[in-house]
Amino acid sequence: PIPEIFELWYVYYSEENAEVTRALDILIASKQKISNERCQELHQRFLSDSSQNEKVKQAGDKIQSTIKDVNTIVNNVKDATSKFNSSLTDVSEKLETGEMTKDQVQMVVKKVMTGTQDMIKQNQVLEQELSKSSKAMKELQRDLEQVRKEALTDSLTGLANRKSFDTEINRISKEGEGGGPVFSLVMMDIDYFKSFNDNYGHQVGDQVLRLVARTLVEGVKGRDVAARFGGEEFALIFPETNLAGALKVAEALRKAVAAKEVINRNTGDKLGRITLSGGAAQFVAGESVEDLIERADAALYTAKHNGRNQVAAAPMPGHKKAAS
């Protein structure tokens, strides 16, 4: 009974999204357990943008409605002010003649008082509407900030998602191109994750992903970015950090993960330890972000090839072999 899961399966049965259909068909065909967490991950991957767009649309509609209400009240005040000014002008002209009887003066004063009371009432209505609008705008600001955060966050691990990673690394690489400080990228992958999933199920696999994500967050600081690149692969951006510095942090993270034991929360059984393999690359002015990622990935595969549970350094462009 979760809206995101209902939407996922509604889309599946209506065949509105080919990617959703394919992903769920694969899970069903392989007889894998389809947990709430797995469904939410699929929703995040394939449908979250549409949900976020709908939230943004609703916010836009609310803003338009609020503006319309305020405009109506402002126009009412404008009309009342115009009538009041006209009344004051009329009273002023009559008083200037000096030919008014006592009763006429009383009528004029009464008219002014009535107009004044109407103006006070209109201003009170405007004040209330503006207060209401201010509250609505603050709520919208909070809601839109939440939508923005969700759009840039991986729902399973809480790390920056691929969209956020792409935005950040492109921004930092442009700074590097403009003579900015050096930065490095580390790609890290969970060793034998598929076997772990097959042996213990996706719920435990998701638990492993969250454990690794938490360890990465605890190990980075400042402007460093930890992101879920996809599946069991993670990406770490280290601004103002050279290759040696990135290797040092990556190695510390690898050891921190290897030191933690995975325990099945449902049964309490100890499932052993997990390890990471990693590849680090330092950005070189003139290369594309795609080339930087490719070099870091190549170093990651070097670490895998050399026995896993280690971090390899990518050679600078023009060199051939990665160093572990």
Side-chain angles (χ1 to χ4, degrees), residues 1-62 139-170 187-190 193-217 225-236 262 264-266 274:
I2 299 172
E4 291 83 358
I5 295 178
F6 181 89
E7 181 184 9
L8 177 73
W9 287 96
Y10 179 87
V11 169
Y12 173 75
Y13 280 107
S14 63
E15 298 183 347
E16 293 179 1
N17 186 307
E19 290 181 323
V20 168
T21 302
R22 179 176 176 276
L24 287 171
D25 280 343
I26 290 173
L27 291 180
I28 294 168
S30 60
K31 297 182 179 179
Q32 296 186 35
K33 184 176 181 180
I34 304 176
S35 63
N36 284 354
E37 290 79 6
R38 180 62 59 185
C39 289
Q40 287 178 316
E41 182 183 354
L42 291 174
H43 183 278
Q44 169 71 18
R45 189 185 306 170
F46 299 117
L47 300 176
S48 62
D49 283 348
S50 60
S51 298
Q52 288 150 9
N53 288 341
E54 179 60 26
K55 289 179 182 177
V56 172
K57 180 181 179 299
Q58 290 173 359
D61 291 342
K62 192 170 182 180
E139 290 175 352
L140 283 169
Q141 183 180 19
R142 183 195 62 215
D143 293 343
L144 289 173
E145 177 60 24
Q146 182 63 29
V147 170
R148 186 195 70 81
K149 184 177 179 181
E150 289 175 358
L152 300 175
T153 303
D154 176 64
S155 62
L156 179 64
T157 63
L159 296 178
N161 62 14
R162 179 62 184 273
K163 180 179 181 181
S164 178
F165 167 81
D166 288 341
T167 299
E168 191 65 13
I169 197 168
N170 278 301
M187 305 296 292
M188 303 195 86
D189 186 270
I190 301 174
F193 183 73
K194 185 178 184 304
S195 298
F196 206 96
N197 254 353
D198 293 342
N199 290 333
Y200 301 111
H202 285 288
Q203 281 189 317
V204 174
D206 290 346
Q207 183 182 329
V208 169
L209 289 170
R210 284 191 285 264
L211 172 65
V212 171
R214 189 165 61 249
T215 306
L216 295 181
V217 170
V225 176
R228 187 180 180 192
F229 194 74
E232 66 271 23
E233 190 171 10
F234 301 87
L236 301 163
V262 180
N264 190 326
R265 290 178 180 174
N266 296 325
I274 54 175

Considering all heavy atoms of both residues, which atom of [X] and which atom of [Y] are nearest to each other, and what is their separation?
X      : Y      : answer
Ile5   : Cys39  : CG1-CB, 3.8 Å
Gln40  : Ser155 : O-OG, 4.0 Å
Leu159 : Ala226 : CB-O, 3.7 Å

[X] [atom1] to [Y] [atom2] distance, which is reported to the nearest 0.5 Å:
X      : Y      : atom1 : atom2 : value
Gln203 : Glu37  : CD    : CD    : 5.0 Å
Ser195 : Ile190 : OG    : CD1   : 12.5 Å
Leu216 : Leu211 : CG    : CG    : 9.5 Å
Asn161 : Leu156 : CG    : CG    : 12.5 Å
Tyr12  : Ile28  : OH    : CD1   : 3.5 Å

**Report entry** Residue pair Leu8, Val20: steps toward the side chain to side chain contact (heavy atoms under 4.5 Å, CB included) verdict
**Finding:** CA-CA 8 Å; Leu8 177 73; Val20 168; 3.8 Å; yes

Query - Heavy-atom side-chain proximity of Ile26 to Arg22 below 4.5 angstrom - result: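 Answer yes - side chains close enough.
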
Query raised in the report: Going by heavy atoms in the side chains, are Phe229 and Asp189 under 4.5 Å from each other?
Result: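 They are not in contact (no side-chain heavy atoms under 4.5 Å apart), so the answer is no.
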
Query raised in the report: Residues two or more places apart in sequence or in another chain: which of them pass side-chain hydrogen bond (donor to acceptor under 3.5 Å, both in side chains) with Arg162?
Result: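 Residues passing side-chain hydrogen bond (donor to acceptor under 3.5 Å, both in side chains) with Arg162: Asp166.
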
Query raised in the report: What pairs with Thr157 under side-chain hydrogen bond (donor to acceptor under 3.5 Å, both in side chains), at least two apart in sequence or on another chain?
Result: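 Partners of Thr157 by the side-chain hydrogen bond (donor to acceptor under 3.5 Å, both in side chains) criterion, ordered by chain and then number, come out as Asp154.
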
Report task. For the pair Glu41 and Arg228, find out whether any cationic side-chain nitrogen is under 4.0 Å from an anionic carboxylate oxygen. Result ->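 Result for this pair is yes, salt bridge flagged.
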
**Report entry** Steps toward side chain to side chain contact (heavy atoms under 4.5 Å, CB included) verdict (Trp9, Leu24)
**Finding:** CA-CA 9 Å; Trp9 287 96; Leu24 287 171; 3.8 Å; yes

Query - Matching residue for His43 among Glu4, Arg38, Glu7 - test: side-chain hydrogen bond (donor to acceptor under 3.5 Å, both in side chains) - result: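 It is Glu7, the one option of Glu4, Arg38, Glu7 that forms the side-chain hydrogen bond (donor to acceptor under 3.5 Å, both in side chains) with His43.
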
Requested in this report: Check Ile274, Asp198, Leu209 against Phe193 for a side chain to side chain contact (heavy atoms under 4.5 Å, CB included) and give me the one that passes.
Outcome: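 Filter result, single survivor: Leu209.
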
Query raised in the report: When the ring planes of Phe196 and Tyr200 are compared, do they come out parallel, tilted or perpendicular, using 30° and 60° as the limits?
Result: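 Taking Tyr200 first and then Phe196, their aromatic rings sit tilted (interplane angle of 30° to 60°).
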
Report task. Determine, stepwise, if the pair Thr153 / Ser164 fulfils side chain to side chain contact (heavy atoms under 4.5 Å, CB included). Result -> CA-CA 7 Å; Thr153 303; Ser164 178; over 6 Å; no

